[in-house]
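Everything below concerns the one structure shown next.
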Amino acid sequence: MRIPARGGVLRLAVAAAFAFPLVFLVIVSLHAEGKGLGRGLALPAPPHFENYARAVERMGNFGRLLANTLWITLASVAGQCLCCSLAGYAFARLSFRGRDALFLCVLATMMLPDQVAAVPRFLLFRSLGMVDGYGPLILPTVLGGAPFFIFLFRQYFLSLPPELDEAARIDGAGPWRAYLTVFLPLARPMLVTVAIFTFLATWNDFWAPLVYVLSPEKRTLTLALAGFQRTYDTAVEHLMAAAGIVLFPCVLVGFLAQRFFLRGIATAASKH
Amino acid sequence: MVEEDHLSSWQTLEEMARDFEAEHPGLSVRCLPLGGAAGSQDKGKFLLAGNVPLDLLRIDVTEFSAYLGEGALVDLEPYFAADPAWDERAFFSQVLDAIRGPQDARGEPGHLFGLPSTFTPYVMYVNLDRLAEIGFAGPRPDWTWDEFLALARTATVDDDGDGRPERFGISLTQWLQAVAPWVWQAGGELLDDAGHRSRMAEPAFAGALQFLHDLLHTEQVASFDASFPNQLSQGLFQAGRALFYGPVGYWETYRFRSLDEFAWDVLPLPRDVAAATSVAMTVYVVPRTAREPELACEFLRLLCSLRYQRLLAEIGNGVPGRIEAARSPSFLAPDRPPASERVFLDSMASARFLPPLANWRKIESLCRAELEGILLDPDVDVAAACAEMARKTDDYLARERERNARPRLPRGLLEISVSLSLLTLIGTFLARSARASGRVERRTRRAAWGLLAPWACGFVLFFLGPALVSLFFSFCEWSPLRPLGDARWVGLENFRRLADDPTFRTSLGATLSYAGLSVPLSTAAALALALLLRSGKSGVALFRTIVYVPAILSPVVVAALWRFVLDADQGLLNRSLGWIGLAGPAWLRDPDWVVPGFVLVSLWGLGSQVLVFVAALQTLDPSLDEAARIDGAGTVRRFWHVTLPGLGPVLLFNLITGAIQAFQVFAQPYGMTEGGPGDSSRFLVLYLFETAFHHLDMGYASAQAWVLFVLLALLCLSLLRAARRRVHYAGRTP
């Protein structure tokens, strides 16, 4: 199919519609306290950039929040890439009894509402003494919590030619060595894709930190952001500024990563 | 040690903690922020449910009885009695009465289970400039409903002559605590004195609600903008378009400080057969999990000391519970509006709390559909709706009384049965899959198990195990605030309740219509966008990114943003529609439009589906399309016969993941409407969450969760099934 020439205008309109709410966010965040809503879409003169400083200040120790969030995010990304690629590889390239039953379990976790498992899981972490640490934030996602990524890796490994196993076997490599030397290096586009997905999911996670993070010095950015909502002394303008700060890295990652997504998803989605 | 969610009082709290530490060398006081968002009240419960040793907790008074009823609070009376300096007359007596346990057999007042932080009676806010404009100096202090109605009528103006007023007499608040004063003023009651039966079916109750209904629909002097979740957005009062705003509490003075367009003040509520108002309050309590109840009690006394209470008053946190602080210049004469702080103190003469022995958070959500129906639906039968509220409340109160009569679960039964079933499941699986013959096969199996070990551990520990526990809970009645040993066996009753729970039916309906709209729409739109944005040119990549970005924002941000986009009067969407001459619906306030509103939010976030389609389009073999073109097939035919079949597997993938996401939609309604108006956006997962943590009914929540899970699994299976016949996998086999 060829896109007709008026595609350009259409594209522009679509992009404008999608960008509109975010532009609105920026504009509201630049108004004086209490003045952001109900004044149309004009930029205030002068723009109140100090809202951003104020938002950072009210979130608490911003450097600390950022460091915490980054640490949780990076640990999750590393763990996720490793565990999911291991499982995806086993599901795709090894044949053993019970494989399909196990893979069904992977898919079933996708359908289990998280809120169902929340309390029993909380009781578990409590009995392990892990509440108010990052364990509960990282472990469930990294171990077993990412059926979608296992699925992606499986699809990707399925798309590689069967001759690869053959060659590895002739070289005398077992499944582990084949994974490390042949398949993992080949999976680079998928690793980047999963890393980015995980980055975004962890960065944006709100429930796990809300439930498990107790000490102020362990709080994350989304928690601090949520702290802005529903408190009666919060100005909408500061809320929007804070939201802008928290979502900025996501936008950045979105820009950088879009190309990788395409390559990563292409292989995975094109076959079952 | 203490929970606090008001940002500016945080510093003051920290100061008091340091003072307390100075008095008690070797002691360290840690203050934990609650997170502030809607989740803050739920977090307190999570902490207690997790046996986290909190010594002091700040809760809303409407939740007091829930905590008390679950045995989660420490009786403070013995600690106070031991202190000669303690004098409860220092506090407002109604305020203390709201946080007492039940009376004993001899009719002695109940024991104190907490102390007030700040409170506020509900009052009426008034736009003074508008009042002068319509030629009134101000109502008498003892004004009546009739006088109120007369003023409201005068102030209601249809400026552009379209038959709908632009300026209103009152922006009427719509939650239970705000509706209760009208009921009491009319001589009605919510519950009987013992708290065993509702009195909502009585004429006085229905009469008060009829009055409010008429204000909104017959008289049309009241506007709809002041529902509870809507509070943060800019209401009509702030926009200068309502003469009155209320009944509402002191907290609004905080928001209105930056109002410089007009002068405003507060008034006592008008009266009918009686003067009455209700009270909102936060209280400090000592949870059962406290390690140092005595020290906690001492710190609590410090927090309720004159000094701290005056500090709170100066910040503008509310009316201090300590009378002397409330009468001090810190509260009465701060350097800011309103001029008549006295009104808050004077209103206390006729102030009442919601009857303290019931779980009001639960009752309010039970009755919410009817209550909001009365207020929002022009054709509602008010008396019938009130009777329905009464019936639901009575059912609930009866079930509460029955609960304690049920048999307790034997100790350890839960642990043993869950671990046994886990072991059986794993054992069966291992036994069946271990029947391997050859050496090579065994080697592969060992390697596979090694490779899958991290996932398998997580699956068993964090998914299968908890899922089994919740399956077990679905046959029990258990509150997460109680010890596990307190669970009671109820058999199939939770599932029976589901079958005739109208809220669950509404919730299921809302979820189905949301999924039914959002999944096909967003899949189709994503496909269209993907066709538009498929080319690899760098300019197009930029557009693609713009479409993609909304999909990766935190749901917290999305919810915060879209509340203001979909706001009925001031929102971005309706204003934009206004520019092209369309009148947008009230979205989040209109039961018929709230689900479409959430569908719009989901459409905004369809970027990742677009990318999946673009990726698939780029892998399609261009020669097929080329061949069809040479054969003379038009754009549409090539799409139907070449492009679409090639996308089959991806389409299926997007449909399934889309359906899963749609069925589990939670963060957006939680942050934007809290399920309202009525129950119209109480999607399944939201209802499930509320059942577990607001109503503290873990068994019922688990039953809902399992129903949801089975529904979703069936849906996905049937999608896969239907696809097996239609989807064509370009000659590959897995």
Side-chain angles (χ1 to χ4, degrees), chain A residues 1 11 15 18-19 21 24-25 33-34 37-38 83 86-87 90 94 96-98 109-113 115-117 119-122 126 131 140 143-144 158 175 200 204 206 210-211 214 216 222-223 226-227 229-233 243 247 250-251 254-255 258 261-262 265-266 269-272, chain B residues 7-8 32-33 35-39 46 50 234 239 251 254 258 433 444-445 447-448 451-452 454-455 457-459 462-463 466 469-470 480 543 545-549 552-554 556-557 560-561 565 570 572 611-612 615-616 619 638 649-650 653 660 664 685 688-689 705 709 712-713 732 734:
Chain A
M1 267 181 62
R11 275 182 212 137
F18 274 80
F24 173 67
L25 178 142
E33 199 173 330
L37 292 173
C83 294
L86 281 175
L94 300 180
F96 54 98
R97 284 178 75 97
T109 38
M110 257 161 103
M111 290 169 225
L112 189 74
Q115 284 74 11
V116 183
V119 166
R121 211 182 280 163
F122 189 85
R126 185 188 77 190
V131 172
L143 304 175
L158 275 179
L200 295 171
N204 290 334
F206 169 59
L210 178 73
V211 172
L214 311 180
T222 33
L223 266 191
Q229 281 181 289
R230 295 290 159 95
T231 46
Y232 296 110
D233 53 349
L247 66 82
C250 293
V251 176
F255 265 89
Q258 200 252 119
F261 281 140
L262 283 185
I265 301 168
S270 59
K271 99 195 226 53
H272 259 254
Chain B
L7 286 170
S8 8
L32 308 179
F46 262 118
Q234 170 153 4
W251 62 84
Y254 219 108
S258 54
S433 57
T444 321
R445 194 186 67 221
L451 289 163
L452 288 175
W455 167 78
C457 288
F459 175 68
F462 304 125
F463 294 89
V469 172
S470 87
F543 287 131
T545 312
I546 292 176
V547 170
Y548 181 56
V549 159
I552 53 179
L553 302 184
S554 158
V556 181
V557 175
L561 181 57
V565 174
Q570 318 280 339
L572 179 64
L611 282 203
V612 172
T619 58
R638 272 181 288 133
V650 186
F653 173 85
I660 292 176
Q664 301 195 9
V685 173
L688 184 165
F689 177 84
F709 176 61
L712 203 47
R732 300 171 183 163

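Because the structure is a prediction, the values reported are computed rather than measured. Naming convention: chains lettered A, B, ... in sequence-line order (proteins, then strands); numbering from 1 in each chain.
- Counting all heavy atoms, side chain and backbone alike, A:T222 lies closest to B:S554 at CG2-OG, 3.8 Å.
- With chain A as the partner, the residue from B:V469, B:V557, B:L561 showing the most heavy-atom pairs under 4.5 Å is B:L561.
- Listed here is the closest heavy atom pair of A:A19 and B:I546: CB-CG2, 4.0 Å.
- Taking every heavy atom of both residues into account, B:A448 and A:A90 meet most closely at O-CB, 4.3 Å.
- Heavy-atom minimum distance, A:A15 versus B:F543: CB-CD2, 3.3 Å.
- Inter-residue side-chain proximity for A:L86 and B:W455 is flagged as unmet; no heavy-atom pair is nearer than 4.5 Å.
- A heavy-atom distance below 4.5 Å is not found between the side chains of A:F18 and B:V549.
- Both the backbone and the side chain of A:L25 come within less than 4.5 Å of a heavy atom in chain B.
- Taking SG of A:C83 as the start and CG of B:L452 as the end, the distance is 11.0 Å to the nearest 0.5 Å.
- Heavy atoms closer than 4.5 Å to chain A are found in both the backbone and the side chain of B:L553.
- Listed options B:T444, B:I552, B:L712 were ranked by heavy-atom pairs under 4.5 angstrom with chain A; first place goes to B:I552.
- Across every non-hydrogen atom of A:P21 and B:V565, the tightest pair is CB-CG2, 4.3 Å.
- Residue contact with chain A, scored on non-hydrogen atoms closer than 4.5 Å, involves the side chain of B:Y548 exclusively.
- Distance alone, capped at 3.5 Å, is enough to place a donor-acceptor pair between the A:R121 side chain and the B:F462 backbone.
- In this structure, chain A has a heavy atom under 4.5 Å from the side chain of B:L688, while its backbone stays farther away.
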